[in-house]
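To start, the structure itself, in structure tokens.
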Amino acid sequence: IVAMMQFNMYHHYTVDEHIIQCISILADLEIGKMKEEFPIASGILSAGINRRVLYVALLLHDIGKGRPEDHSLIGAEIAEVVAPRLGLNEKESETVVWLVKNHLLMSDTAQKRDNSDPRTVRDFCRDVNTMSRLKLLTVLTVCDIMGVGPGTLNNWKAQLLKSLYKSAK
């Protein structure tokens, strides 16, 4: 993924730069730099969350890019091997694998489905399954969208994510 270009109108960075941007955004959120712009993600972080899982998931979420298979699926396979090597226990590794495999779930659901439809929320909740995953996925999604480029997470997208998070919660 080093210096790998992403050819679509959204990505301003290569894959490796995107990952670094995402981690930088997470660090900024953690120290409260964006509390007003992203109160839900900031609140989740300040209330306590497994930081190791979140950082490793962000590090690996696009590791499968550049292969013919779905990058989320191949990334999850890579994460199964890498997460334990980075010192995560079995439960943490399973969560990282789930996050890598499903890192587009929240943004796709929020932006491509009708969030006012109870079936949409029910299906999303069934896929996410736990409050812990919802919190981790929400923060990862905010970092991932913001890490694509300046202004990518606009008010409309932020509102959709907020609405889906609150309904799922």
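Residues: numbered from 1 along the sequence shown.
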Would a hydrophobic clustering, with Ile, Leu, Val, Met, Phe, Trp and Tyr connected at side-chain separations under 4.5 Å, put L60 with L58? yes
Testing the basics here: between V100 and A76, what is the closest heavy-atom pair and its distance to 0.1 Å? CG1-N, 3.5 Å
What residues join I20 in its hydrophobic cluster, counting side-chain heavy atom gaps under 4.5 Å, either direct or through other members? none
Working to the nearest 0.5 Å, report the span between CG of L29 and OG of S42. 5.0 Å
Cluster overlap V53 with M131, hydrophobic side-chain contacts below 4.5 Å: yes
Beyond-backbone contact of H103 with W98, side-chain heavy atoms, under 4.5 angstrom: no
Side-chain contact, heavy-atom cut-off 4.5 Å: V139 with F38? no
Starting from the C-alpha separation in whole Å, work towards a yes-or-no answer on side-chain contact (heavy atoms from CB on, under 4.5 Å) for N102 and D127. CA-CA 9 Å; N102 293 284; D127 291 341; 5.7 Å; no
Which pair of non-hydrogen atoms, one from A110 and one from L160, has the smallest distance, and what is that distance? O-CD1, 3.5 Å
Can you check side-chain contact (heavy atoms from CB on, under 4.5 Å) on L161 and L153, steps first, answer last? CA-CA 10 Å; L161 293 174; L153 185 53; 4.0 Å; yes
Please check if atom CZ in R51 has more than 12 non-hydrogen atoms from other residues, nucleotides or ligands closer than 6.0 Å. no
D117: which residues meet the side-chain hydrogen bond (donor to acceptor under 3.5 Å, both in side chains) condition with it, sequence neighbours left out? R119
Check: D62 side chain, K65 main-chain N or O, donor-acceptor pair, under 3.5 Å: no
Could you walk me through whether L164 and T138 pass the side-chain contact (heavy atoms from CB on, under 4.5 Å) test, one step at a time? CA-CA 10 Å; L164 180 58; T138 299; over 6 Å; no
Please name all residues satisfying side-chain contact (heavy atoms from CB on, under 4.5 Å) with S107, sequence neighbours left out, ordered by chain then number. L104, Q111, T141, I145
Is there a donor-acceptor contact under 3.5 Å from the side chain of T152 to the main chain of V148? no
Nearest atoms (heavy-atom pairs only) where K101 meets S72: O-CB, 3.4 Å
Do L59 and I78 share a hydrophobic cluster (ILVMFWY, side-chain heavy atoms under 4.5 Å, transitive)? yes
Contacts of type side-chain contact (heavy atoms from CB on, under 4.5 Å), residue E36, not counting sequence neighbours: none
Within the structure provided, determine whether R113 and D123 are in side-chain contact (heavy-atom separation under 4.5 Å). yes
With the side chain counted from C-beta on, respond yes when D144 and H61 share a heavy-atom pair under 4.5 Å apart, and no when they do not. yes
Are the side chains of E92 and T95 in contact, using a 4.5 Å heavy-atom criterion? no
I want to check something: taking the side chain as every heavy atom from C-beta on, are M106 and L140 in contact at a cut-off of under 4.5 Å? no
Sequence-distant partners of K33, salt bridge (Lys or Arg N to Asp or Glu O under 4.0 Å), two or more places apart: D28
Surrounding CG of N154 (heavy atoms of other residues, nucleotides or ligands, distance under 6.0 Å), is the total greater than 12? yes
So, do V96 and E80 sit near enough that their side-chain heavy atoms are less than 4.5 Å apart? no
Where do P84 and A79 come nearest, in terms of heavy atoms and distance? CD-O, 4.0 Å
Indicate yes or no: at least one non-hydrogen side-chain atom of L86 is less than 4.5 angstrom from one of R52. no
Determine, stepwise, if the pair N50 / Y55 fulfils side-chain contact (heavy atoms from CB on, under 4.5 Å). CA-CA 9 Å; N50 190 326; Y55 274 97; over 6 Å; no
Taking every heavy atom of T109 against every heavy atom of N115, the minimum-distance pair comes out as O-OD1, 3.4 Å
Minimum heavy-atom separation for G75 to I63, with atom names? CA-CG2, 3.7 Å
First locate atom NZ of K135, then atom CG of L45, and finally report the distance between them rounded to the nearest 0.5 Å. 11.0 Å
The criterion is side-chain contact (heavy atoms from CB on, under 4.5 Å); which residues satisfy it with S132, sequence neighbours excluded? T130, L136
